[in-house]
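These values consider heavy atoms only, across backbone and side chains, with no hydrogens, waters or symmetry-generated copies.
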Amino acid sequence: MACILGQQQPWMLPADPLESLQTVFVLSGCAIIVRGQPRGGPPPERQINLSNIRAGALARRAAQGQPDVKDTPDEPWAFQAREFLRKKLIGKEVCFNVEIKTALGREYGMVYLGKDTTGENIAESLVNEGLATVRREGIRGNNPEQARLCELEDQAKASKKGMWSEGGGTHTIRDLKYTIENPRNFVDSLHQKPINAIIEHVRDGSVVRALLLPDYYLVTVMLSGIKCPTFKREADGTESPEPFAAEAKFFTESRLLQRDVQIILESCPNQIILGTILHPNGNITELLLKEGFARCVDWSMAVYTQGAEKLRAAERSAKERKIRIWKDYVAPTANLDQKDRQFVAKVMQVVNADAMVVKLNSGEYKTIHLSSIRPPKNEGEEKNKDKDKRFRPLYDIPYMFEAREFLRKKLIGKKVNVTVDYIRAATGPGESTPAFSERTCATVTIGGIYKCSSAIKNGKGLHSKKEVPIHRVADISGETQKAKQFLPFLQRAGRSEAVVEHVFSGSRLKLYMPKETCLITFLLAGIECPRSARNMPGGMQVAEPFSDQAMLFTKELVLQREVEVEVESMDKAGNFIGWLHIEGVNLSVALVENALSKVHFTAERSPYYKTLVSAEEQCRQRKEKIWANYEEKPVEEVVHLSEEKERVPNYRPVFVTEISDNLHFYAQDVETGAQLETLMETMRAEIAAHPPVEGSYSARRGDYCLAKFADGEWYRARVEKVESPAKVHVFYIDYGNREVVPSTRLAAMPPAFGTRTLPAQATEYTFAFIQVPLDEDARADVVDCIVRDIQNTQCMMNIEYSGASCPHVSIQFGDTKEDVGLGLVKEGLVMVDVRKEKHLQKIVTEYLNSQESAKSARLNIWRYGDFRADDADEFGYRR
């Protein structure tokens, strides 16, 4: 039979000789509350005190605001008497007759279990178990019931039952704990395991007071995921119930009050303990929703461990039947057509952990927010950390990146079923909340619904007790110096894995490199894409025709997809240039094939040039999109009056100071060598006369300073990176070498010795016409040979052509005037990098002839023949 508890009311039933009602609450070992069946609302309650006996008083908490009054503990055997009655009577039908009714309305009588007096006499059972004493002062000799109680008490004493046992009963007094010092730690320590409890009070339909066993914690628990109508306290102290508040409270009381249950304590936000109450007859949370006594609450549903979709389904059932709090409910999607409520769409972008952009069959794009969940967010002190650092929610909010990646890998590019649950109206900005536009909240499924309950139960992700993951992602977009350092690594890597994070235009993207954990700006090589509209210093630049179509094409093909990139070079702004492949498709070629881009002349040296030109020619003939207004120019006979300008070398003397592993080197102009020597002598004399205070210099990236080298001398340098005061990366601007030094070996650079007085003397160059092997051993042989031949020597240098990061030059030995690069080719240590410029063809031919001689003689890298024939694409070699 169901069990209920409501507030005691002064309303009283008329006193009948014998009445039958239901027990709903046991106040103590000698007092119970009964009430009848509900008719049109919660029925009134009636307190019955057992005649002729007395049981111990239960513990009572001192009233708040009275510090001098202490809590009253249990009397011995009081709780055991209460429990004896609770387990015997709660939810059961009893009959009673009232023997005495005081002037204050208090009723005393005999209570029997069942519908008539043939049932068990409750008072006699208590006395027989030694859990109550007989009030002998009021006994009349001719009353057989009183005589029977005295006889049972004497038997209990003789048998030493209950309070008549030896020891006084101090062990039966509970150590009640009314408060918990740290509720969150207490909840976490239980690890969401069910704990036995007794429901002692129901405040409203979704808030109860529970006694946790066996440690006797008395806690207030709010049901996770729902909220029932409440009782509002007015200024005069009275309570006014919201619609259906009393009915919801009665519903919970009739099923849980003083029942043995299990509670899962799930979370404790803001000192509020959230939990789920498990009863053998069902889940009260789901029942309240199904019967229209409660509504779902998103903020606490996230911690509900029994399956949030069950709560949504129960609430939906009540809404459809329009019962109780939903009697006037009008579905927010009622005005939507069926095709707008349920539809199939393709996921184009995952915005964050609870929102995505989908493409409808009509081609329209729509942003969908997932119902009932919220994305991870910054909590507590985390918001105030690193105020000087640019905040990036995707990487800086714990688990935001993991949540986004979970959805991206499962959904991007896939077709999903969308069921719109409700439309959340737009909201204006509040004191602590931003404004939100109207949101379409929906359930998105793909082969079934992804559930969060198991993640909570098993302690996954946000619900894990593990240390929060940290994502240190370096954004080198626009960082020219960082990009220069990173370029050789990407060039050597060949094809690298990446994820397209953003599409700026048809040919400009932002990529996340997972292995390198960095973000780069990537420009597609070999094509010239229409430019989108953008702000310029002189005003807004108008978008070129088909720029939006090109950007949309690129978005649909690669946005948030896993791709492979080949980096060839970089521009002066620190953007990398190369080729992007997705599932075997070259994006540059795809744009040209769809008449959304033209071939750029820089594609001539690439292996994709023929494919690009062929695709462009076909689009040009069809006059599609950007070629719609193309008019083929008539071929005119051109009379060449003079041959193209011949190569005119202009060698100048340089001193090679440093050679790097990628065969770039630094050199000083011999003409300015005397100025450098004079500056160094003057600077060192100044330092000797006024030595810097050790440790007084604070290094910052990009600053020019003085650094003490391993030889004990001071040199001009630039700070490239500061790891710590003990590890500062510096670049010696006059010699090209790098070193990691402590800040104690650094000093401020006096203006008299700065770069305005004498510019940095070490300039970076690389060899023209040669391609260095990718094999590490072969590369090391080349570097060793160069270091041995030209480092710290005077040579003759001629700039042949410019490169992405530095000029490409040819070097001659100072004495013999022999070409150093040509010598490397003759020795079979390097390959020829074939240039297409006509004025360079003579020297390129000389290099190629020397390469053929080295191949014929099987020297060094050619000892096994021409290895490039079959492996060129795989290993990145160019013929």
Show me the donor-acceptor pairs, under 3.5 Å and distance only, between side chains in residues 796-810 and residues at least two apart or in other chains.
{"from": "N798", "atom 1": "OD1", "to": "N650", "atom 2": "N", "distance (Å)": "2.8"}
{"from": "N798", "atom 1": "ND2", "to": "E800", "atom 2": "OE2", "distance (Å)": "2.9"}
{"from": "E800", "atom 1": "OE1", "to": "R647", "atom 2": "NE", "distance (Å)": "2.9"}
{"from": "E800", "atom 1": "OE2", "to": "R647", "atom 2": "NE", "distance (Å)": "3.4"}
{"from": "E800", "atom 1": "OE2", "to": "R647", "atom 2": "NH2", "distance (Å)": "2.6"}
{"from": "E800", "atom 1": "OE2", "to": "S810", "atom 2": "OG", "distance (Å)": "2.6"}
{"from": "Y801", "atom 1": "OH", "to": "F769", "atom 2": "N", "distance (Å)": "3.2"}
{"from": "S810", "atom 1": "OG", "to": "Y651", "atom 2": "OH", "distance (Å)": "3.2"}

Treating D669 as the side-chain partner and T672 as the backbone partner, does any N or O pair qualify as donor plus acceptor under 3.5 Å? no

Examine R684 relative to Y715 and say whether NZ or CZ is less than 6.0 Å from the centre of the six-membered ring and inside a 45° cone about the ring axis. yes

Test: side chain to side chain donor-acceptor pair (under 3.5 Å). Region: residues 781-794. Which pairs qualify, not counting sequence neighbours? none

Under 3.5 Å donor-acceptor pairs involving side-chain atoms of residues 497-506, not counting sequence neighbours:
{"from": "E501", "atom 1": "OE1", "to": "R404", "atom 2": "NH1", "distance (Å)": "3.1"}
{"from": "E501", "atom 1": "OE2", "to": "R404", "atom 2": "NH2", "distance (Å)": "3.0"}
{"from": "S505", "atom 1": "OG", "to": "R508", "atom 2": "N", "distance (Å)": "3.4"}

Does NZ in K817 sit with more than 12 non-hydrogen atoms of other residues, nucleotides or ligands closer than 6.0 Å? yes

My understanding is that only residues two or more places apart in sequence, or in another chain, count here; which of them pass ring pair (Phe, Tyr, Trp, His ring centres under 6.0 Å) with F731? Y666

Test side chain to side chain contact (heavy atoms under 4.5 Å, CB included) applied to T757 - qualifying residues, sequence neighbours left out: L679

Do F767 and F665 make the cut of ring centroids closer than 6.0 angstrom? yes

Under 3.5 Å, sequence neighbours excluded: what are the donor-acceptor pairs made by side chains of residues 580-592?
{"from": "H581", "atom 1": "NE2", "to": "R495", "atom 2": "NH2", "distance (Å)": "3.4"}
{"from": "H581", "atom 1": "NE2", "to": "E566", "atom 2": "OE2", "distance (Å)": "2.7"}
{"from": "H581", "atom 1": "NE2", "to": "Y608", "atom 2": "OH", "distance (Å)": "3.4"}
{"from": "N586", "atom 1": "OD1", "to": "S588", "atom 2": "N", "distance (Å)": "3.0"}
{"from": "S588", "atom 1": "OG", "to": "A525", "atom 2": "O", "distance (Å)": "3.1"}

Taken in chain and number order and not counting sequence neighbours, the residues that satisfy side chain to side chain contact (heavy atoms under 4.5 Å, CB included) with V473 are R392, Y395, H471, Y512, L519

Taking the side chain from N860 and the backbone from E827, do they hold a donor-acceptor pair closer than 3.5 Å? yes

List the residues meeting side chain to side chain contact (heavy atoms under 4.5 Å, CB included) with L859, not counting sequence neighbours, and say none if there are none. A854, A857

Scan residues 478-490 for pairs that pass side chain to side chain donor-acceptor pair (under 3.5 Å), counting only residues two or more places apart or in two chains. none

List in chain and number order the residues that pass side chain to side chain contact (heavy atoms under 4.5 Å, CB included) with K625, two or more places apart in sequence or in another chain; answer none if no residue qualifies. F546, N594, A595, L596

Heavy-atom distance under 4.5 Å between the side chains of E528 and F601, does that happen here? no

Which residues satisfy the ring pair (Phe, Tyr, Trp, His ring centres under 6.0 Å) test with F489, sequence neighbours excluded? F486

Where the side chain of R701 meets the backbone of E720, is there a donor-acceptor pair that is under 3.5 Å apart? no

Going by the side-chain hydrogen bond (donor to acceptor under 3.5 Å, both in side chains) test, name the single residue among E739, R716, E658, R738 that passes it with Y732. E739

Partner residues of R863 under the salt bridge (Lys or Arg N to Asp or Glu O under 4.0 Å) criterion, sequence neighbours left out: none

Check: R835 main-chain N/O paired with Q841 side-chain donor or acceptor under 3.5 Å: yes

